[in-house]
Asks: 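Attaching a single structure in structure tokens format; questions to follow.
For the single chain, residues carry numbers from 1 onward in sequence order. Values reported hereafter were calculated over all heavy atoms of this structure, with side chains retained and with hydrogens, waters and symmetry mates removed.
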Amino acid sequence: MNGLFDLTGKTALVTGGAQGLGRMIAEGLLRAGATVAITSRKADICETAAAEMSALGTCIPLPCDLSTPEAAVELAGRVRATFGGKLHVIVNNAGKTWGGPLDTFPDKAWPGVMMVNVQAPFTLVRELLPELEAAASSDDPARVINIGSVAGKVTERLSAYSYAASKAAIHMLSRDLAGDLAQRNINVNVVMPGFFPTKMTAHLRDEEQTDPAVLAHIPMHRMGRADEIAGVIVFLASRAGGYVTGAEIPVDGGVVGCG
């Protein structure tokens, strides 16, 4: 067990890593010993979060709005320069959602959501393939971890049609990439979070109190904790997860598996 979950010497990129689920993930990787670069749309939020997390390890702010393919390509260039040609882990966590009634759900709710949730992760993987391969070996593959959602696996009645479709898409894209990249020593997996206390679920909570109907929907009757999402990411990024690729792992209190 010695060093099974140790990420000392590893480099990682966490998109959307300044807040919410992404920050939980970034902090977990830092605690495990990785050097972590985080992105956020707003430079001040990105830089403040990186400064705060630097108490845990080396955390580098790379502000970026991943709403265009060009922005993803530009971010890849900055990651390349930051880490000197090697990248061990990408966590594609940045996400966008849109909710509304079916009868009036607008066409404009689709392009931005699909860009951030599906195309940007693909573009980053494509652009950073040389860096992932340079960091990888057959004994210790590089890792791509895409953050999906239970909403892309089961019907959640969220009226977030483009979001749910985008998450189903990133699940399938991840399996395709896993098959194509296995021979290049790059593992690709999906983590499907359920309900965690983030900005995206704020409408389901009143301060620290969660809507009882939401809790009743979760077999474990509670929201997830930061260490529970971080632990799964560290597992997949570490030696412990070296033989796992093409997997879809729900971290959801049983929503998917017990439904």
Side-chain angles (χ1 to χ4, degrees), residues 5-96 115-117 119-137 140-147 177 181 184-189 191 229-230 233-234 236-239 241:
F5 300 97
D6 184 16
L7 297 178
T8 301
K10 304 287 187 180
T11 56
L13 168 68
V14 181
T15 65
Q19 301 181 90
L21 210 64
R23 178 152 180 169
M24 298 177 195
I25 290 166
E27 289 184 355
L29 293 170
L30 287 163
R31 291 182 192 278
T35 296
V36 179
I38 62 168
T39 77
S40 179
R41 288 187 301 113
K42 296 183 178 179
D44 58 338
I45 291 174
C46 193
E47 290 161 7
T48 298
E52 291 170 352
M53 285 190 280
S54 290
L56 303 175
T58 303
C59 189
I60 302 159
L62 296 176
C64 181
D65 181 350
L66 290 168
S67 59
T68 66
E70 293 77 14
V73 172
E74 192 268 341
L75 172 61
R78 285 192 285 151
V79 171
R80 187 175 300 119
T82 297
F83 289 134
K86 284 189 177 183
L87 180 64
H88 297 90
V89 181
I90 298 177
V91 182
N92 283 307
N93 165 78
K96 186 172 184 176
M115 175 64 229
V116 174
N117 295 0
Q119 190 173 349
F122 175 84
T123 300
L124 282 172
V125 171
R126 183 193 68 204
E127 293 296 309
L128 290 167
L129 277 174
E131 286 67 39
L132 291 166
E133 286 191 276
S137 69
D140 187 12
R143 319 296 166 92
V144 175
I145 305 168
N146 292 323
I147 304 302
L177 290 172
L181 294 175
R184 297 167 77 168
N185 299 320
I186 301 171
N187 293 1
V188 184
N189 293 290
V191 170
I229 190 68
I233 300 296
V234 170
L236 288 172
S238 69
R239 185 162 59 88

Asks: Where the side chain of R239 meets the backbone of D6, is there a donor-acceptor pair that is under 3.5 Å apart?
Replies: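 Checking the backbone N and O of D6 against the side chain of R239, no donor-acceptor pair under 3.5 Å is found.
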Asks: Could you measure the distance from the CG atom of L7 to the CD1 atom of I233? Nearest 0.5 Å is fine.
Replies: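 One finds 11.0 Å between CG of L7 and CD1 of I233.
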Asks: Could you tell me which residues satisfy salt bridge (charged side-chain N to carboxylate O under 4.0 Å, His left out) with R78, sequence neighbours excluded, listed by chain and number?
Replies: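 Listed in chain order: E74.
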Asks: Strictly distance-based, threshold 3.5 Å: is any side-chain N or O of S40 a donor or acceptor partner for the main-chain N or O of P63?
Replies: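 Here the side-chain-to-backbone pair does not exist.
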Asks: Taking atom CE of M24 and atom CG of L21, what is their separation to the nearest 0.5 Å?
Replies: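 So the CE of M24 and the CG of L21 are separated by 5.5 Å.
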Asks: Identify the two heavy atoms, one from C59 and one from L30, that lie closest to each other, and give their separation to 0.1 Å.
Replies: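 Smallest interatomic distance, heavy atoms only, reads CB-CD1, 4.1 Å.
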Asks: Measure across N93 and G16 and return the closest heavy-atom pair with its distance rounded to 0.1 Å.
Replies: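 Answer, listing the atom of N93 first, then G16: ND2-O, 3.1 Å.
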Asks: So how far is it from L75 CG to D65 CG, rounded to the nearest 0.5 Å?
Replies: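 Going from the CG atom of L75 to the CG atom of D65 covers 11.0 Å.
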Asks: Has R184 got a side-chain atom pairing as donor or acceptor with E133's backbone, closer than 3.5 angstrom?
Replies: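 Flag not set: sc R184 to bb E133 has no pair under 3.5 Å.
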Asks: With the side chain counted from C-beta on, respond yes when Q19 and I45 share a heavy-atom pair under 4.5 Å apart, and no when they do not.
Replies: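 With C-beta onward as the side chain, the pair touches.
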Asks: Can you tell me how far CG of N185 sits from CZ of R143, rounded to the nearest 0.5 angstrom?
Replies: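 These two atoms lie 10.5 Å from each other.
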Asks: Between E70 and V73, is any pair of side-chain heavy atoms under 4.5 Å apart?
Replies: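 No; the side chains remain at least 4.5 Å from each other.
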Asks: Quick check against the 3.5 Å criterion: does H88 have a side-chain atom that pairs as donor or acceptor with the backbone of A12?
Replies: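 Looks like no, no N/O pair under 3.5 Å.
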Asks: Testing the basics here: between A26 and G17, what is the closest heavy-atom pair and its distance to 0.1 Å?
Replies: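 Taking A26 first and G17 second, the nearest heavy atoms are CB-O, 4.0 Å.
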Asks: Can you name the nearest heavy-atom pair linking L66 to A72, along with the distance?
Replies: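 Scanning both residues, the minimum pair turns out to be CD2-CA, 3.8 Å.
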Asks: Looking only at non-hydrogen atoms, find the nearest pair between E127 and A76 and report the distance.
Replies: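 Shortest heavy-atom separation between E127 and A76 comes out as CB-CB, 3.5 Å.
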Asks: Got V14 and E27 here, is their nearest side-chain heavy-atom distance under 4.5 Å?
Replies: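 When only atoms from C-beta onward are counted, E27 and V14 do not touch, as no gap falls below 4.5 Å.
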Asks: Please determine which of N117, I229, N92, I25 meets the side-chain contact (heavy atoms from CB on, under 4.5 Å) test together with I147.
Replies: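 By the side-chain contact (heavy atoms from CB on, under 4.5 Å) criterion, I147 pairs with just one of N117, I229, N92, I25: I25.
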Asks: Do you know which two heavy atoms are closest between P69 and M115, and how far apart they sit?
Replies: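 For P69 and M115, the tightest heavy-atom pair comes out as N-CE, 3.5 Å.
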Asks: Could you give the distance from CG (L236) to CD1 (I145), rounded to the nearest 0.5 Å?
Replies: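 Reported value, rounded in 0.5 Å steps: 5.0 Å.
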Asks: Could you tell me whether the side chain of K10 reaches within less than 4.5 Å of the side chain of D140, counting heavy atoms only?
Replies: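 Yes, their side chains come closer than 4.5 Å.
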Asks: Supply the atom-to-atom distance F83 CZ to I60 CD1, rounded to the nearest 0.5 angstrom.
Replies: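 If I round to the nearest 0.5 Å, the distance is 4.5 Å.
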Asks: M53 and side-chain contact (heavy atoms from CB on, under 4.5 Å): which partner among V36, L29, T48, I38?
Replies: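 Going through V36, L29, T48, I38 one by one, the side-chain contact (heavy atoms from CB on, under 4.5 Å) with M53 is satisfied by I38 alone.
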Asks: Against L181, only a single residue in N187, I186, L132 fulfils side-chain contact (heavy atoms from CB on, under 4.5 Å); can you say which?
Replies: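 Result: among N187, I186, L132, I186 is the only option passing the side-chain contact (heavy atoms from CB on, under 4.5 Å) with L181.
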Asks: Using side-chain heavy atoms (C-beta onward) and a distance below 4.5 Å, is L13 in contact with T39?
Replies: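 L13 vs T39: side chains touch.
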Asks: With V144 as reference, evaluate L128, L177, V125 under the side-chain contact (heavy atoms from CB on, under 4.5 Å) test and give the passing residue.
Replies: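 Exactly one option meets the side-chain contact (heavy atoms from CB on, under 4.5 Å) with V144, and it is V125.
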